[in-house]
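Accompanying notes for the structure given below.
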Amino acid sequence: MKRFAFSATPLDVAALTASLRDVSCGGFVSFEGWVRNHNEGQRVTRLEYEAFEQLAVKEGERVIAEAQQRFGIQNARCVHRVGALDLEALAVWVGVSTPHRDEAFRACRYIIDEVKHRLPIWKKEHYANGDSGWVNCERCAEAATVAHEHRHEHA
Amino acid sequence: MTAKLLGLVLAGGRSTRMQRDKAALQYRPGQTQLAAAVDMLRPHVAQVFVSVRPDQRDDATRRGYEQIVDQIESAGPIAGILAAQSAHPDAAWWVLACDLPFLDEATLADLAARRDAARDATAYRSSHDGLPEPLCAIFEPRTRAALAAYVGTGRLCPRKFLLQADTLLLDPPNARALDNANTSDDYWQAMAKLNPQQFVDQREICVQYFALLREQAGCREEKLVTSAPTPRVLYEELRKRHPFSLAADTLRIAINGEFADWSRPLQAGDTVVFIPPVAGG
């Protein structure tokens, strides 16, 4: 079982959770990133995710190994969707099981943060007005001209 | 009387910016920079020593040489010169950095021929800023007390020491010979200049595009024949053919499925990916 993977089909949360069950673990924390209907003042109608999977899978595995090293966690997995997603769809899932809860919370947070910042995954948003754009690419070029700091707080 | 001349190749640096041991870098297959510097200096001096930090004495690159071990810590190259003068106080020392990929025989022969043992030191004038180049220079034995006193007051810059000493300053026969290579970018640029046949030939590579770059290129992948030596040059070439809106400094590079440097030389058969700003999650 790969600890980091992509999926072109909807995620089965029950099966993912079950895969982290461990009799030595008293704590389980998961994070779900959902497709939201707005971003930076625009109404979002749907998303597309694209990934450079060959490299992203390696880097995702490195992120999980780092979390294991830093927080001493027992089990962790992360699955990221690619392809077209509708509103409310589950875009990314992270799960961590570990003997005690504190490490589970911290490791889960570490994994999602690093995955967002390091893995070659891109998100194209489609807007209600018919426009579309690659997040952090086209819209950052505009950001420079309106002197507006972009913080992307989606999942 | 002219003092006996000994050679000191400086290999005690921490190579912080290069992120790899500079002494062990190779510009020619099978020969480290340290070995190249020792071999070049040997004909001009009575004996060559290698300047090392205490913890470097046994490493594979340095252990085969006669060594001068630093006696003070974190003082940079001046610590090596002090230690050498203290070990052989009556000798003059030809100090040579090991990170000069363009150093040539003409430069060494010229310094040897024009040495003036009646002065404190003989050194080249930098072709960049006109200041003395302390890391290919001859320090006469009479500088020993002055250098120790200089370091004793907390000053560690050998260039400033030569500026205030009675230094014979010469113009180098080859203006680029003393250019040093401190970063990975410097290293690959020097490699390409020293081995042009290996790096400048036309070669076929594959470029894969994702996300915004895929849309702007109008394809997921293209094979092309290029003489671009590095991804940096390749991206500028591609921008002439595709309407790429992203500046190079917003991108990262992957070659053959792993993150890589912008200055990594391209080789035939490489697959290159320019990674736009990411937005996972």
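Proteins come first, then strands; the chains are lettered A, B, ... in the order of their sequence lines, and each starts at number 1.
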_Checking B:E237 against B:T226: is there a side-chain donor and acceptor pair closer than 3.5 Å?_
yes

*asked:* Report which part of B:L212 has an atom under 4.5 Å of a heavy atom belonging to chain A: side chain, backbone, both, or neither.
replied: both

*So what's closer than 4.5 Å to chain B heavy atoms on A:A56: side chain, backbone, both or neither?*
neither

*Determine whether the side chains of A:D22 and A:S97 contain a donor N or O and an acceptor N or O closer than 3.5 Å.*
no

_Which atoms of A:R118 are under 4.5 Å from chain B, going by heavy atoms: the side chain, the backbone, both sets, or neither?_
backbone

*Does the gap between the ring centers of B:F49 and B:Y65 come in under 6.0 Å?*
no

*asked:* Hydrogens and angles aside, do A:E66 and A:Y110 bring a side-chain donor and acceptor to less than 3.5 Å of each other?
replied: yes

*A:E59 versus chain B, the contacting section by heavy-atom distance below 4.5 Å*: side chain

_Please verify the inter-ring angle class for A:Y49 with A:H80; under 30° counts as parallel, over 60° as perpendicular, anything in between as tilted._
perpendicular

*Heavy-atom pairs under 4.5 Å with chain A are the metric here; pick the option from B:E215, B:R252, B:Q208 that has the most.*
B:E215

